[in-house]
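For reference, the structure discussed in these notes is given below.
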Amino acid sequence: MAGPLPLGDPAPADGRLPDGLPVDATTPFSAYLHVPFCRVRCGYCDFNTYTSSELRGARQDEYADTLIREIDLARAVMDEACAVRPMDTVFFGGGTPTLLPAGDLARMLRAASDAFGLRDGAEVTVEANPDTVTPQVVETLLDAGVNRLSIGMQSAVPHVLAALDRTHDPENVATAVRAARDAGLHVSVDLIYGAPGESLPDWERSLDTALELAPDHISAYALIIEDGTKLARQIRRGEVPAPDDDLQADMYELADQRLSDAGFAWYEVSNWARRPENASRHNLAYWRGSDWWGFGPGAHSHVAGLRWWNVKHPAAYAQRLALGESPAAGREQPDQQARTLERVLLQSRLAEGLPIDDIAETHRERVAELISDGLVDAASALRDRRVRLTLRGRLLADAVVRALTE
């Protein structure tokens, strides 16, 4: 279960944006559609997701209609604020979006498109569990306007999948990729490294298997132990070992080497694309601070510096919308210091780098120290006035952020 919602100011029942909010209609706009359902809760996961036994008053077969009510509310709110603009990206995340019938996902996408419009060439992504992808599902998604599938592979090694409580059949990853490819969709695969019992050869096998699939994009995330998860409790009880930082660093370096040798380029610390146009434009919208509306229980939104978040449980979410009320639980407008911290935190992770002028003046002199320590590329800093991480800097990205903000 996900952790508690942030503290913030109360959100108005009608969802109205504050008067005078400095909306810029030229800022790219995206939509995130959260589908909070999973067959099994993975031991490492702290996302806002629910198995069938945890729904308590909410129904999967009514979910699409419920979320469409929030889309209708969003259009009215954005209309009033003169903030409506076509969507540059749409992302169905979860949970497992493909646990819903593909027709439900299509209806949700159509409602969002009717409300806001889609720019020509918009990126529309659906996350998928390999076991839920069939040619029929892919065809329905394609007909609806989906053009990218993000497949949760995580590992090619059975004992690693078991350690993560992943229940999909590893053989179905190739089947899912082939179905997406045959339909003409772009394909991304997600990997996780550093699971209990995973060795460097295990990780190498997963990388090789992923590359054999010839995807357009690969994400590789170090396993993070989140409080409140099953895996955190197992580690605390001594049942499984905690992730080894040195081993995870070796795994990251191996991933970067293998992916680079295969023609992939990193564009964010944990993401590699075969070509620049294969980078996840939706995630780039987050990292660059664009505007987005997050639909669904627990989803977060950002417009013109205002942030808000929805109630977490699907039943509470459905009840609010059935009453004609906004599902927002709270909101905040971060001050300049908080916005600077966030900009450094996110943009420093990108290959394009962070403009030095975006760093507080009191901290700019530290860029020279980071260059001396081998964490920041000297040529990029001197020639382009941008903080661009070296490979060592990517391994120590959190330390770079602390140096530039604390």
Side-chain angles (χ1 to χ4, degrees), residues 6 8 17-18 20-30 32 81 83 85 88-89 119 123 219 252 256 265-273 275-294 300-308 331-406:
L17 303 182
L21 190 71
V23 175
D24 181 353
T26 66
T27 299
F29 179 66
S30 297
Y32 172 76
R85 74 212 87 145
D88 292 81
T89 68
R119 291 199 189 277
E123 176 190 272
S219 299
Y252 183 87
D256 190 64
W266 79 279
Y267 69 95
E268 191 274 341
V269 168
S270 300
N271 290 272
W272 290 258
R275 294 176 294 276
E277 59 268 27
N278 297 137
S280 170
R281 288 157 49 196
H282 186 84
N283 285 339
L284 283 169
Y286 295 151
W287 295 320
R288 290 171 175 163
S290 296
D291 290 347
W292 71 88
W293 193 298
H300 288 233
S301 302
H302 170 261
V303 174
L306 178 73
R307 298 183 177 278
W308 68 93
R331 69 187 191 185
E332 64 180 2
Q333 284 185 273
D335 60 19
Q336 183 59 47
Q337 182 178 2
R339 291 197 301 270
T340 297
L341 172 61
E342 182 176 83
R343 187 158 55 249
V344 172
L345 175 67
L346 297 177
Q347 287 194 254
S348 65
R349 294 177 62 88
L350 298 176
E352 64 194 40
L354 168 73
I356 290 177
D357 290 344
D358 285 354
I359 301 168
E361 286 189 40
T362 53
H363 291 71
R364 291 176 192 170
E365 63 187 30
R366 299 184 184 178
V367 174
E369 299 172 18
L370 294 170
I371 292 172
S372 178
D373 291 339
L375 302 179
V376 168
D377 179 68
S380 295
L382 297 172
R383 181 186 63 240
D384 305 322
R385 287 193 55 77
R386 300 184 80 88
V387 171
R388 188 173 187 270
L389 300 179
T390 62
L391 175 58
R392 183 166 183 265
R394 283 184 268 160
L395 290 169
L396 298 171
D398 290 345
V400 173
V401 171
R402 287 195 297 272
L404 296 178
T405 57
E406 294 180 357

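One finds a salt bridge joining Glu268 and Arg349 here, because a Lys/Arg side-chain nitrogen approaches an Asp/Glu carboxylate oxygen to under 4.0 Å. Ionic pairing of Asp88 and Arg281 is not present here: no N-O contact between side-chain nitrogen and carboxylate oxygen is shorter than 4.0 angstrom.
For the pair Leu370 and Val387, the minimum side-chain heavy-atom distance is 4.5 Å or more. Contact annotation: the side chain of Asn283 never approaches that of Glu123 to less than 4.5 Å [non-hydrogen atoms, C-beta and beyond]. Two residues are said to be in side-chain contact when any heavy atoms from C-beta on lie closer than 4.5 Å; Ile359 and Arg366 fail this criterion. Put simply, the side chain of Asp358 does not reach to within 4.5 Å of the side chain of Val344, judged on heavy atoms. A heavy-atom distance below 4.5 Å is found between the side chains of Pro6 and His300. Here the side chains of Arg364 and Asp357 are in contact, with some heavy-atom distance below 4.5 Å.
Listed here is the closest heavy atom pair of Ser348 and Val401: OG-CG2, 3.7 Å. Among all heavy-atom pairs drawn from Leu17 and Leu306, the shortest one is CD2-CD2, 3.8 Å. Here the closest heavy-atom approach between residue Pro355 and residue Gly353 is recorded as CD-O, 3.9 Å. Nearest heavy-atom pair across Ala304 and Pro22 is CB-O, 3.6 Å. Closest non-hydrogen pair, Pro334 versus Gly305, comes out as CD-O, 3.3 Å. Nearest heavy-atom pair across Gln333 and Pro18 is OE1-CG, 4.3 Å.
Evaluated for a ring-ring contact (aromatic ring centres under 6.0 Å, His included) with Trp292, the options Tyr286, Tyr32, Trp308 yield exactly one hit, Tyr286. Between Glu352 and the choices Arg386, Arg388, Arg288, the side chain to side chain donor-acceptor pair (under 3.5 Å) rule is met once, by Arg288.
Arg343 contributes no side-chain N or O that, together with a main-chain N or O of Gly289, makes up a donor-acceptor pair within less than 3.5 Å. Proximity of a side-chain donor or acceptor of His363 to a complementary backbone N or O of Ala403 within less than 3.5 Å is not detected.
Atom-to-atom distance recorded for Leu346:CG and Leu284:CG is 11.0 Å, nearest 0.5 angstrom. If you take CG on Leu345 and OG1 on Thr340, they are separated by 12.0 Å, rounding to the nearest 0.5 Å. Taking OG1 of Thr405 as the reference point, atom CD of Glu342 lies at 12.5 Å (rounded to 0.5 Å). Taken to the nearest 0.5 Å, the NE2 atom of His302 stands 11.5 Å off from the OG atom of Ser30. The structure places OG of Ser380 at 9.5 Å from CD1 of Ile356, a figure rounded to the nearest 0.5 Å. The line from CZ of Arg394 to CG of Leu375 is 12.5 Å long, rounded to the nearest 0.5 Å.
The 12-atom threshold is exceeded at CD of Gln336, counting heavy atoms of other residues, nucleotides or ligands nearer than 6.0 Å.
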Go through the steps to decide whether Val367 and Arg385 satisfy the test side chain to side chain contact (heavy atoms under 4.5 Å, CB included), and finish with yes or no.
-> CA-CA 10 Å; Val367 174; Arg385 287 193 55 77; over 6 Å; no
Asn271/Ser219 under side-chain hydrogen bond (donor to acceptor under 3.5 Å, both in side chains): CA gap, chis, key distance, verdict = CA-CA 5 Å; Asn271 290 272; Ser219 299; 2.5 Å; yes
